[in-house]
Amino acid sequence: MPKIKKILIANRGEIAVRIIRACRDIGIISVAVYSDTDASAYHVRMADEAYHIGASPSSESYLVHDNILKAAKQSGADAIHPGYGFLAENATFAQRCIDENIIFIGPKPETISLLGDKLQARQAAIKANLPLVPGCEFDNENMTDALKKAGEIGYPILIKAAAGGGGKGMRVVEKPEDFEESLKRASSEAVSAFGDGRVYIEKYLLRPRHIEIQILTDQHGNGIHLNERECSIQRRHQKLIEESPSPVMTGSLRKGMGDAALSIAKQTDYVGAGTVEFMVDEDMSFYFLEVNTRLQVEHPVTELVTGVDLVKEQIAVAEGAKLRITQDDIAINGHAIECRICAEDPQQNFMPCTGTLKNYRLPAGPGVRVDSGVVIYSEVPIYYDPMIAKMIVWGKDRSEAIERCKRDLEEYRVSGLKTTIGFCRVVMDNKKFISGDISTAFIKEEYPENNFVLLSDELKEQAALAVAVDTFINERKIRLDEEQKHTKESGWKNYHRKQSVTRLGGES
Amino acid sequence: MPKIKKILIANRGEIAVRIIRACRDIGIISVAVYSDTDASAYHVRMADEAYHIGASPSSESYLVHDNILKAAKQSGADAIHPGYGFLAENATFAQRCIDENIIFIGPKPETISLLGDKLQARQAAIKANLPLVPGCEFDNENMTDALKKAGEIGYPILIKAAAGGGGKGMRVVEKPEDFEESLKRASSEAVSAFGDGRVYIEKYLLRPRHIEIQILTDQHGNGIHLNERECSIQRRHQKLIEESPSPVMTGSLRKGMGDAALSIAKQTDYVGAGTVEFMVDEDMSFYFLEVNTRLQVEHPVTELVTGVDLVKEQIAVAEGAKLRITQDDIAINGHAIECRICAEDPQQNFMPCTGTLKNYRLPAGPGVRVDSGVVIYSEVPIYYDPMIAKMIVWGKDRSEAIERCKRDLEEYRVSGLKTTIGFCRVVMDNKKFISGDISTAFIKEEYPENNFVLLSDELKEQAALAVAVDTFINERKIRLDEEQKHTKESGWKNYHRKQSVTRLGGES
Amino acid sequence: MRYSVKIEDKEFDIDIEYKSEKYIATINGKEVIIESHKLGESRSIMLLNNKSFEVDVRSNGYDNAKTVFVLGQEIPVEIENYNLAQLKKKAGMSSASKMDLTLKAPMPGLILELKTTVGDSVKKGDALVIIEAMKMENVIKASGDGIIKSISVESGQSVEKGDMILEFE
Amino acid sequence: MRYSVKIEDKEFDIDIEYKSEKYIATINGKEVIIESHKLGESRSIMLLNNKSFEVDVRSNGYDNAKTVFVLGQEIPVEIENYNLAQLKKKAGMSSASKMDLTLKAPMPGLILELKTTVGDSVKKGDALVIIEAMKMENVIKASGDGIIKSISVESGQSVEKGDMILEFE
């Protein structure tokens with residue numbers, strides 16, 4: 001079995017740093033790539049080697065297959081880790097790696113391609129006997145048939161694009177009268193976003209939980225799951241806070257979901273680390289959503305409760321090793337919560353921010369891990385994702401994890417940029433969150449119109465005092481300096497006068 | 001049961017910060033105290049409140065009972081946590097707290113006092129049936145009897161001061177001829193150091209391991225142990241690297257040592273967190289050494305493998321709560337290693353250093369926890385202990401913990417001060433350390449004359465290149481700036497010439 | 001020295017004097033004793049009646065607008081000499097924020113969609129424009145009621161931070 | 001530009017030129033292509049033949065002595081113009097370190113014990129003096145062989161960093 005000696009990480013930010021750390025642990029040389037704006041970025045500093053791959057926009061650097069493969073050749077890397085985003089779920093790129101005799105750390109191109117198409121993934125799930133949200137495909141042209149099918153499912157229904165992602169080509173339909181118009185708009189949106197107008201319909205769940213199963217499989221047909229992650233705290237389909245285990249999970253539900261996840265993995269010939277996403281309804285029924293064929297942003301919560309380093313296992317699987325852990329090795333030790341730290345302004349509808357980190361100090365001490373893509377003085381450029389770091393906290397139970405989250409969110413020091421830290425702190429105080437009563441509608445329901453309080457009146461008073469004292473000290477210093485200058489100047493005046501007098505009495 | 005609402009931390013540096021974090025987790029208000037030099041120290045910044053307690057030397061601040069109790073009264077603290085060092089094992093201070101109606105977070109004054117006297121502690125250990133290193137007390141005046149007893153134990157023997165600590169009043173005697181002289185010198189040293197000349201003798205173990213048991217007991221007679229810590233990597237009786245579990249521990253030995261530790265706790269009416277230290281001989285016999293009646297520096301390795309927050313448990317016990325965990329709750333999850341980061345110069349015989357931290361960036365990512373007493377731009381003053389931080393690393397087994405230690409020691413960024421980071425890195429590469437073949441003689445035997453290599457030839461070459469390029473860039477910048485200035489100046493000259501010409505042709 | 005300090009909806013009247021190495025502040029009638037130690041550059045540790053805060057006060061380039069970072073929060077603050085603020089108030093020049101009559105690009109990005117046209121009357125919270133930046137679509141909403149007077153951009157156009165997007169009347 | 005660089009026992013002859021935004025170094029005959037980006041103040045990221053290093057080069061106040069922090073290690077470096085260094089060598093003014101003839105206090109502290117008296121001949125590694133600082137006793141040892149010429153302190157005395165302790169001859 002050939003050992004991987006050098007890995008090129010086709011990514012940037014915190015996930016590049018995360019992968020570099022795993023490489024360092026096992027003595028693999030890490031190669032970073034960077035765009036113009038990232039020349040002094042943290043992932044470049046952390047890596048053993050670094051290669052320039054183009055201009056700042058990702059379409060001219062991190063997404064350019066040729067440039068990345070060229071850097072891989074130059075550096076002599078024998079494997080590429082794509083991280084998440086960028087090329088992570090790009091079957092064409094995965095195939096190019098194979099063609100160029102470089103190991104792509106991820107599933108086979110065919111698997112990526114199949115699971116990337118929602119309709120094909122749905123078919124695979126049906127074959128693997130996974131429960132699906134009631135729904136179906138239909139002929140876009142036959143509106144009578146479509147309306148009938150929608151009626152059978154029952155409103156509200158959700159129209160989704162087959163090639164979809166990121167909420168594009170998605171429409172909620174409340175009543176039959178709106179169906180035809182919504183269908184047309186969803187389909188045309190899907191054409192313009194993905195060049196593929198195929199859509200399908202599903203029952204719209206009102207308050208589902210998003211719960212996903214981490215799987216790990218090898219090239220020899222072995223597979224395990226590493227429990228679930230609950231990712232219900234989302235804003236506009238973007239996860240913000242994730243945890244493991246789920247506060248509502250039971251042993252039998254976990255077994256059911258774990259078996260289902262491994263069954264679709266088997267069905268799709270899945271190799272490596274992956275995530276099978278489910279929706280869980282209020283009655284605790286679960287439904288297959290999709291498979292993410294890569295490492296997830298939120299993988300650390302699983303690492304903290306299972307003790308497994310997922311990136312190291314990905315690498316071992318890519319080398320062709322048999323799984324080193326069995327299902328029996330996977331326990332649940334305590335509870336972990338992740339908060340995504342994004343350069344966004346919660347008070348301006350979470351608008352992304354750019355800027356320089358004038359101060360940046362991570363929380364530390366018992367139970368906190370930070371995977372950060374930036375350090376003090378880093379620039380946060382406009383070209384990429386606004387997530388600058390993840391704070392992951394471990395506690396012996398959920399309540400200790402929440403306590404420590406609060407402490408560490410307050411300990412996090414960022415100047416120069418607005419972030420989601422304050423909003424995560426607000427959620428940690430939310431009674432529904434604390435009791436585990438959450439769903440993907442949580443933020444929308446709890447904070448309609450973003451009506452949360454980031455600054456208490458007490459904090460405002462303290463801040464006002466701090467600024468007043470600071471201003472007073474500065475003004476006082478200027479006054480004292482000026483007084484001193486005056487004293488000096490009048491000293492000089494006296495000196496000049498003396499000189500003049502001397503002259504008067506002397507030469508003149 | 002009265003809940004503690006506010007805790008004054010009678011300490012500074014990393015342990016003060018550690019305790020503040022525990023307070024914050026459970027909603028207790030933390031009060032820092034500070035000497036002149038510590039006015040802007042990290043523990044002051046971290047605490048909820050802070051009180052000045054005197055001049056910089058600890059004898060005028062952190063050791064002054066009155067000043068600390070005054071701050072406690074002023075702040076309305078209902079408990080004092082002493083940390084380690086300073087007043088942590090001072091029975092008089094513990095008693096004063098009780099007299100002033102303030103909870104002292106630690107054992108009873110009588111227990112502290114008894115276990116602080118080595119001869120009394122030895123007697124307690126005998127009563128509790130603990131194995132002791134062969135040794136005995138004797139009449140200092142009756143040399144014949146003493147010599148006979150020494151002969152019975154067998155050379156080499158160790159003479160120790162009853163009131164001892166820190167290696168003072170301690171002498172190794174190789175042969176009977178040296179006995180009388182050594183005894184006299186040890187005794188007189190003990191008189192001058194502790195005002196107490198009592199000494200006793202013990203068999204000197206050549207290559208013992210230092211293994212200690214963490215205990216936790218409540219006010220209701222319940223007690224558990226939280227496994228062992230191996231602390232054999234020491235320099236001049238100062239621990240440098242600690243780990244849990246011990247690489248040589250077996251289930252039955254752990255049970256034996258754990259039972260012994262709980263038995264002396266029972267014997268001495270011990271309440272709270274404490275550490276029972278043992279020496280373990282090459283044949284795996286263990287011998288009682290002493291009891292430390294406080295939180296130890298190295299407590300985090302126990303926290304990482306057991307998941308128990310020891311400081312929170314100390315506080316609960318001090319409140320009068322029954323232990324919330326049973327012996328059965330204590331598992332061993334993975335392996336933890338601690339490296340002490342001290343402001344010392346390994347190449348100058350580990351001489352302490354002072355200075356300003358011009359750069360200070362903690363390692364982060366999977367498995368590392370840093371308990372630091374400093375941040376960037378902190379001053380390390382000469383008045384206190386040179387330990388500025390502890391890096392504690394968790395791995396699923398010892399080998400993963402060592403791998404991560406290496407990575408994190410390299411990731412630690414400190415400028416402006418020499419530290420033990422590089423030397424810890426050297427130990428992590430030592431084959432004997434990796435195989436677990438260690439004893440308290442490890443550093444002396446492996447690195448006599450401090451003959452370790454901190455800088456590889458490759459690193460020297462890279463450093464030389466870096467400095468040369470940096471110098472080149474600076475010199476080039478100066479040259480370019482000057483050229484530009486010249487160009488400008490000659491520009492001005494031309495301008496003046498023109499002016500003159502104009503004048504010449506005009507007015508003149 | 002007496003200051004008028006404004007944070008979001010709160011106004012504070014703060015009087016400060018310096019006495020034996022401490023600052024005595026009177027805030028809305030209450031006395032607070034303050035110790036302050038510089039941590040270099042713009043950061044300080046302050047003890048407000050012995051309560052510890054690490055604060056980072058930064059000037060925003062304007063005289064009165066500052067930003068303070070405290071407890072992990074970024075807080076925009078307006079501070080003015082108290083007497084000056086009173087004078088301005090009397091003259092109707094209150095620095096209290098009125099609705100801004102222009103909308104400028106809050107970040108560099110791409111105008112994805114304009115949600116209004118000239119002459120539309122919009123209500124607070126109505127979507128005005130969608131800007132794509134950092135891989136996300138950002139809906140810019142009206143901060144008050146008004147009528148659109150002019151629009152300076154069109155969909156598909158790139159904007160720099162601070163570029164004029166539209167004006168209200 | 002050609003430099004002579006010394007780190008501990010190692011001497012390097014490094015020639016550097018600047019070409020199309022990169023630095024080409026020749027070190028002991030081997031070519032290395034270097035990219036450098038400032039990280040502010042004294043820190044830079046350097047790529048040496050694409051190998052990444054975060055370095056912090058600080059001047060020690062002397063012309064030739066610098067300190068570089070790389071990979072968590074503090075490394076003292078002597079750097080000189082190559083030609084100047086050659087000239088000095090020829091003139092016997094080699095900057096190669098000879099045994100220092102004075103011992104100065106390496107830290108502020110308390111002189112606990114003097115281990116030698118004037119006229120003693122000491123060998124490399126012999127204990128000279130014990131200084132207490134930061135709660136620890138620090139044994140200062142001779143860095144070479146020599147005879148004690150004079151002693152400027154006595155036990156119990158406090159010293160500041162850099163104070164003369166003794167001289168050799």
Side-chain angles (χ1 to χ4, degrees), chain A residues 58 85 166-168 236 238 342-345 347-354 358-359 361 363 380-387 408-419 421-422 425 449 454-457 459-476 479, chain C residues 1-12 14-18 23 25 27-28 30 32 34 36 38 41-44 46 48 51 53-59 66-75 77-79 81 106-109 125 131 133-141 161:
Chain A
S58 45
K168 278 181 180 154
R236 298 191 292 189
Q238 296 280 341
C342 302
E344 295 175 355
D345 183 353
Q347 288 179 306
Q348 298 289 326
N349 201 30
F350 293 84
M351 177 118 48
C353 305
T354 61
K358 293 173 191 153
N359 190 17
R361 202 168 76 218
V380 178
I382 61 152
Y383 304 100
Y384 318 109
D385 192 280
M387 194 182 78
D408 292 319
L409 288 166
E410 284 176 11
E411 213 177 303
Y412 218 121
R413 291 280 170 275
V414 182
S415 305
L417 210 57
K418 303 216 178 188
T419 70
I421 292 173
R425 183 70 187 73
E449 311 280 321
L454 289 181
L455 310 177
S456 68
D457 283 353
L459 186 59
K460 282 180 197 167
E461 186 178 304
Q462 287 149 351
L465 278 168
V467 173
V469 169
D470 187 81
T471 306
F472 179 83
I473 291 173
N474 290 340
E475 290 177 355
R476 190 166 171 271
R479 215 167 50 236
Chain C
M1 195 64 70
R2 197 162 167 194
Y3 300 97
S4 180
V5 184
K6 192 157 183 294
I7 298 182
E8 290 183 353
D9 54 324
K10 286 264 167 191
E11 271 188 76
F12 301 95
I14 302 177
D15 193 25
I16 302 185
E17 55 173 335
Y18 181 71
Y23 303 91
I27 178 162
N28 298 346
K30 192 173 57 185
V32 180
I34 301 173
S36 176
K38 276 267 171 219
E41 213 190 341
S42 57
R43 291 182 304 127
S44 318
M46 288 196 190
L48 313 182
K51 283 203 174 134
F53 295 90
E54 200 177 324
V55 302
D56 186 349
V57 182
R58 297 190 177 258
S59 166
K66 301 205 173 181
T67 304
V68 55
F69 296 86
V70 55
L71 281 180
Q73 297 281 356
E74 174 179 324
I75 307 174
V77 178
E78 285 171 48
I79 180 163
N81 179 289
M107 71 195 85
I131 302 182
M134 296 175 102
K135 317 255 108 193
M136 286 171 72
E137 299 180 8
N138 304 284
V139 182
I140 316 295
K141 294 177 176 176
K161 188 175 172 171

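In what follows, chains carry the letters A, B, and so on, assigned in the order in which the sequence lines appear, proteins first and then strands, with residues in each chain numbered from 1.
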Point to revise | pair Val68(C)-Asp470(A): side-chain heavy atoms closer than 4.5 Å | key: no

Review point. Among Asp9(C), Val5(C), Ile27(C), Val55(C), which residue forms the greatest number of heavy-atom pairs with chain A at distances under 4.5 Å?
Key: Ile27(C)

Revision key, fill the gap. If one checks every heavy atom of Leu455(A) against chain C at 4.5 Å, the contacting part turns out to be side chain

Review point. Please walk me through it: do Val70(C) and Gln462(A) pass side chain to side chain contact (heavy atoms under 4.5 Å, CB included)?
Key: CA-CA 9 Å; Val70(C) 55; Gln462(A) 287 149 351; 6.0 Å; no

Review point. Relative to chain C, which segment of Val467(A) carries a heavy atom at a distance below 4.5 Å: side chain, backbone, both, or neither?
Key: both

Practice item. Heavy-atom pairs under 4.5 Å with chain C are the metric here; pick the option from Leu454(A), Asn474(A), Thr419(A), Ile421(A) that has the most. Key: Leu454(A)

Point to revise | Lys/Arg cation over aromatic Tyr18(C): Arg476(A), 6.0 Å, 45° cone | key: yes

Point to revise | Segment of Phe472(A) engaging chain C (4.5 angstrom heavy-atom cut-off) | key: both

Exercise for review: Using a cut-off of 6.0 Å, state whether more than 12 heavy atoms not belonging to Lys10(C) lie near its atom NZ.
Suggested key: no

Check your understanding: Side chain, backbone, both or neither: which part of Gln347(A) has a non-hydrogen atom closer than 4.5 Å to chain C?
Key -> side chain

Exercise for review: With a 4.5 Å cut-off on heavy-atom pairs, point out which of Lys38(C), Arg58(C), Met1(C) contacts chain A the most.
Suggested key: Arg58(C)

Review point. What do the steps show when you test Phe69(C) against Arg413(A) for side chain to side chain contact (heavy atoms under 4.5 Å, CB included), and what is the final call?
Key: CA-CA 8 Å; Phe69(C) 296 86; Arg413(A) 291 280 170 275; over 6 Å; no

Review point. Is the closest side-chain heavy-atom distance between Lys460(A) and Gln73(C) below 4.5 Å?
Key: no

Practice item. Below 4.5 Å from any heavy atom of chain C, which atoms of Arg361(A) appear? Answer side chain, backbone, both or neither. Key: side chain

Review point. Do Ile7(C) and Glu461(A) have side-chain heavy atoms sitting under 4.5 Å apart?
Key: no

Check your understanding: Would you call Glu74(C) and Ser415(A) a side-chain contact if the rule is heavy atoms closer than 4.5 Å?
Key -> no

Check your understanding: If we only count heavy atoms from C-beta on, is the Leu465(A) to Phe12(C) side-chain gap below 4.5 Å?
Key -> no

Exercise for review: Nearest 0.5 Å please: distance from the CD atom of Glu475(A) over to the CG atom of Asn81(C).
Suggested key: 7.5 Å

**Study point:** Nearest heavy-atom neighbours spanning Ile473(A) and Ser36(C)
**Key:** CD1-OG, 3.7 Å

Review point. Are any of the side-chain heavy atoms of Glu449(A) and Lys141(C) separated by less than 4.5 Å?
Key: no

**Study point:** Residue pair Ala466(A) / Val57(C): nearest heavy atoms and the distance that separates them
**Key:** O-CG2, 4.4 Å

**Study point:** Structural part of Glu17(C) lying under 4.5 Å from a heavy atom of chain A
**Key:** backbone

Review point. Looking at Thr67(C), Val77(C), Ile75(C), which one has more heavy-atom pairs under 4.5 Å with chain A than the rest?
Key: Ile75(C)

Practice item. Select, from Thr354(A), Val380(A), Asn359(A), Leu409(A), the one with the greatest count of heavy-atom pairs under 4.5 Å involving chain C. Key: Asn359(A)

Study note, to complete from the structure: Okay, Glu411(A) and chain C: the region with an atom under 4.5 Å from a heavy atom over there is neither

Point to revise | Ile14(C) versus chain A, the contacting section by heavy-atom distance below 4.5 Å | key: side chain

Practice item. State, with a plain yes or no, whether a side-chain heavy atom of Tyr3(C) is found less than 4.5 Å away from one of Thr471(A). Key: yes

